[in-house]
2 protein chains.
Amino acid sequence: MRVSLKDVAAHAGVSIKTVSNVVNDYQHVTPAMRERVQRSIDALGYRPNLTARHLRKGRTGIIALALPELGNPYFAELAAAVIDAAAAHDYIVLLDHTGGRREQEILVSQGFRARVIDGLILSPIELESDDLRDRAENVPLVLLGERHYDLPYDHIAIDNVAAARAAVRHLVGLGRREVAFIGARRGGSEPAQLRVRGWREELTSAGLPADDGLVAATDGWGHADGAAAMIRMLDTGRRPDAVFAYNDPMAIGAMRVLHERGLRVPEDIAVVGFDDVVEGRFGAVTLTSVSPDKEAIGRLAVESVLARLSGQAPEPRRVRADYRLVERESTLGRRTADDGTGG
Amino acid sequence: MRVSLKDVAAHAGVSIKTVSNVVNDYQHVTPAMRERVQRSIDALGYRPNLTARHLRKGRTGIIALALPELGNPYFAELAAAVIDAAAAHDYIVLLDHTGGRREQEILVSQGFRARVIDGLILSPIELESDDLRDRAENVPLVLLGERHYDLPYDHIAIDNVAAARAAVRHLVGLGRREVAFIGARRGGSEPAQLRVRGWREELTSAGLPADDGLVAATDGWGHADGAAAMIRMLDTGRRPDAVFAYNDPMAIGAMRVLHERGLRVPEDIAVVGFDDVVEGRFGAVTLTSVSPDKEAIGRLAVESVLARLSGQAPEPRRVRADYRLVERESTLGRRTADDGTGG
DNA sequence: CTGAAAGCGCTAACAT
DNA sequence: ATGTTAGCGCTTTCAG
């Protein structure tokens with residue numbers, strides 16, 4: 001059986017408190033005492049029972065992170081960032097995925113899957129304001145991704161409209177005149193809507209078409225969805241000279257289709273993605289993409305949880321994370337100096 | 001403050017035990033009583049404190065999963081499989097990453113990062129048998145990936161040697177005569193060594209060269225490492241007609257280099273990867289790859305932990321998971337019927 | 001079928 | 001500087 005404080009105390013011939021003091025590095029312990037207790041700890045192989053400590057202190061040291069899916073490398077990389085940021089504060093991360101389904105997101109937000117946590121970081125897709133309104137759970141919740149919830153929760157997000165506009169501006173600046181958008185999610189997803197809005201605003205202000213025929217809706221946000229959307233658009237007879245995709249996997253799926261149809265990227269159709277996943281840097285045509293600062297997002301999310309946990313930050317915060325547009329071959333074409341594999 | 005069993009008991013005018021019985025769906029509770037208690041539970045919004053339950057029962061309902069890195073989509077997909085398998089047994093998953101560094105792997109195996117878990121699933125890279133020999137931790141440990149540890153822990157793995165042989169056999173069957181191996185990890189990694197061994201065995205038995213000049217060692221296992229290794233090999237003047245890479249990201253990195261150098265895949269050089277990540281199905285040239293059954297691996301790992309937790313399975317098990325070779329354009333060339341995006 | 005009470009292992013007052 | 005003790009919220013004998 002596991003050895004407890006009591007066992008160590010008995011072995012060392014001291015009280016439980018003294019052992020606890022040593023374990024917790026209390027100040028007022030004589031070196032001799034510390035030495036003696038430590039010897040017993042080592043001899044018995046004592047390891048503190050964190051569950052008991054948690055019960056006592058009301059904190060578990062665990063943050064839950066709920067993402068739509070791990071198969072999308074953006075979320076995988078984000079998870080890594082959160083794990084590292086949490087580790088910096090001696091927190092560990094419980095990971096869950098929702099599939100981007102509203103039901104799952106509601107369950108997670110109410111803590112049905114994990115009730116042993118100090119805080120929750122949730123990246124919602126379909127979740128509505130109303131779903132959160134009567135949230136009974138009292139652990140801090142931080143939302144990832146831009147939303148217009150009128151609710152008292154911290155948000156961490158980049159400015160999707162501005163980022164989408166920057167992507168489209170880049171395309172327009174290269175002389176593209178018919179820019180399609182792939183990935184306006186069916187059933188509505190706020191980040192997708194915001195990117196569509198940015199796409200539309202930028203095109204409109206440039207006096208270029210932004211009609212619905214240039215927008216392809218999808219059910220998911222994977223490679224296959226991007227490929228299917230590209231096929232559908234081409235099959236309508238519409239032939240844009242540029243594509244802005246909701247994310248990189250969809251952009252890459254679309255590029256695959258263009259390649260199969262003998263259309264050249266970027267000569268015939270330029271492509272811009274979103275998220276800057278590693279994969280985009282190593283294709284036959286490297287992918288221009290909006291690159292959110294994932295480390296910052298992960299760090300800010302963890303810090304938000306911890307701040308709220310310690311009673312700081314009375315006002316719900318909307319934090320804007322940085323992003324930048326990384327220009328690669330899918331818009332610029334093959335360069336002489338090969339920097340295709342660079343960041 | 002949080003409401004406890006005691007509060008509910010007071011509110012319902014019954015004892016704590018009765019409330020506990022209702023919460024835990026005990027058999028012998030009169031419907032009237034159950035009704036009454038349930039009403040109080042709802043009125044107060046009672047939620048059981050899992051930490052307390054865990055302390056009492058000695059189980060936390062948490063499994064830790066420690067992977068080398070999440071950026072590699074294989075591990076991300078594997079994590080998803082483990083989360084789902086765990087959920088099927090009402091377990092949640094604590095995720096950690098080791099970077100494949102021995103020190104981190106040792107720390108994880110000894111539970112330094114997470115001591116609130118019922119079991120640990122670890123996918124080691126550099127960890128040695130000796131590192132595990134004096135493991136004081138008493139939670140069940142299941143190892144992912146083929147190893148020759150002579151230690152009493154469950155292993156879940158595919159047969160790397162056989163899988164590598166199948167990949168090479170496929171290349172040889174297509175008439176390739178000089179097959180390089182990319183990704184023999186510097187500093188030694190057992191799975192990498194086993195794949196090298198399978199590569200060598202198959203080539204040798206086919207009477208083909210398998211000298212060290214055909215093997216490129218790397219420090220990591222990402223796209224960039226595969227690209228760098230490919231560059232080094234080509235720069236030695238060696239011009240293989242096929243490449244077998246340790247994993248898909250490295251294969252894709254290598255293909256990028258071949259593309260930059262104007263070498264055609266598969267006409268000039270055929271490429272086979274390992275892990276069958278989604279990304280490999282959507283490049284300009286889709287990637288032939290060894291496809292491990294990730295769902296099975298995740299499920300078997302979780303089941304191993306739970307079996308050991310319930311005192312079953314006295315003997316440490318070595319479980320072989322399935323794999324298959326998925327043949328795509330990087331070895332077969334562009335097909336007429338387009339099945340490039342299929343599994 | 002329900003109530004009382006002990007105790008899981010730990011921390012934090014409080015006492016010495 | 002060290003010891004005593006209550007109690008975190010729950011489950012679980014053991015009574016009734």
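By convention in this document, chain letters (A, B, ...) are assigned in the order of the sequence lines, proteins followed by strands, and residues within each chain are numbered from 1. Both backbone and side-chain heavy atoms feed into the values below; hydrogens, waters and symmetry mates do not. Quantities reported herein were computed from a predicted structural model and do not represent experimental measurements.
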Would you tell me if any nitrogen or oxygen in the side chain of Ser20(B) comes within less than 4.0 Å of OP1 or OP2 on dT11(D)? yes
Between Asn24(B) and dT11(D), is there a side-chain N or O to OP1/OP2 distance below 4.0 Å? yes
Of the candidate nucleotides dC10(C), dG9(C), dT12(D), which contains the atom at the shortest distance from the side chain of Leu55(B)? dG9(C)
Checking contacts here: which listed nucleotide (dC8(C), dT2(C), dG9(D)) is nearest the side-chain heavy atoms of Lys6(A)? dC8(C)
For atom [atom1] of [X] and atom [atom2] of [N], their distance in whole Å:
{"X": "Tyr26(A)", "N": "dT11(C)", "atom1": "OH", "atom2": "P", "value": "9 Å"}
{"X": "Met33(B)", "N": "dC1(C)", "atom1": "CE", "atom2": "P", "value": "12 Å"}
{"X": "His54(A)", "N": "dC8(D)", "atom1": "NE2", "atom2": "P", "value": "18 Å"}
{"X": "Asn21(A)", "N": "dA1(D)", "atom1": "CG", "atom2": "P", "value": "11 Å"}
{"X": "Arg59(B)", "N": "dG9(C)", "atom1": "CZ", "atom2": "P", "value": "14 Å"}
{"X": "Arg56(A)", "N": "dG9(D)", "atom1": "CZ", "atom2": "P", "value": "10 Å"}
{"X": "Lys57(B)", "N": "dT13(D)", "atom1": "NZ", "atom2": "P", "value": "11 Å"}
{"X": "Leu5(B)", "N": "dC8(C)", "atom1": "CG", "atom2": "P", "value": "19 Å"}

Salt bridge check, [Y] against [X]: does any charged N sit closer than 4.0 Å to a carboxylate O?
{"X": "Asp293(A)", "Y": "Arg320(A)", "value": "no"}
{"X": "Arg133(B)", "Y": "Asp130(B)", "value": "yes"}
{"X": "Arg308(A)", "Y": "Asp118(A)", "value": "no"}

Is there a side chain to side chain contact (heavy atoms under 4.5 Å, CB included) between Ile297(A) and Leu144(A)? Walk through the geometry before answering. CA-CA 8 Å; Ile297(A) 294 173; Leu144(A) 257 35; 4.2 Å; yes
Candidate pair Leu78(A) and Leu65(A), rule side chain to side chain contact (heavy atoms under 4.5 Å, CB included), full reasoning: CA-CA 10 Å; Leu78(A) 187 59; Leu65(A) 172 65; 5.9 Å; no
Can you list, by residue number, the residues of residues 7-17 of chain A that have a non-hydrogen atom closer than 4.0 angstrom to DNA chain C? Ile16(A), Lys17(A)
Within residues 35-52 of chain B: residues closer than 4.0 Å to DNA chain C (heavy atoms): none
Hey, does Leu132(B) have a side-chain heavy atom less than 4.5 Å from the side chain of Ser109(B)? yes
Does any non-hydrogen side-chain atom of Leu95(A) lie less than 4.5 Å from one of Val93(B)? no
Begin from the C-alpha positions of Val142(A) and Ile156(A) and carry the test side chain to side chain contact (heavy atoms under 4.5 Å, CB included) through to its verdict. CA-CA 8 Å; Val142(A) 172; Ile156(A) 318 286; 3.8 Å; yes
In terms of heavy-atom contacts, Arg47(B) and Gln110(A) come closest through NH2-O, 3.0 Å
Any base atoms under 4.0 Å from Arg53(A), or only sugar-phosphate, or nothing? Heavy atoms, all strands. sugar-phosphate
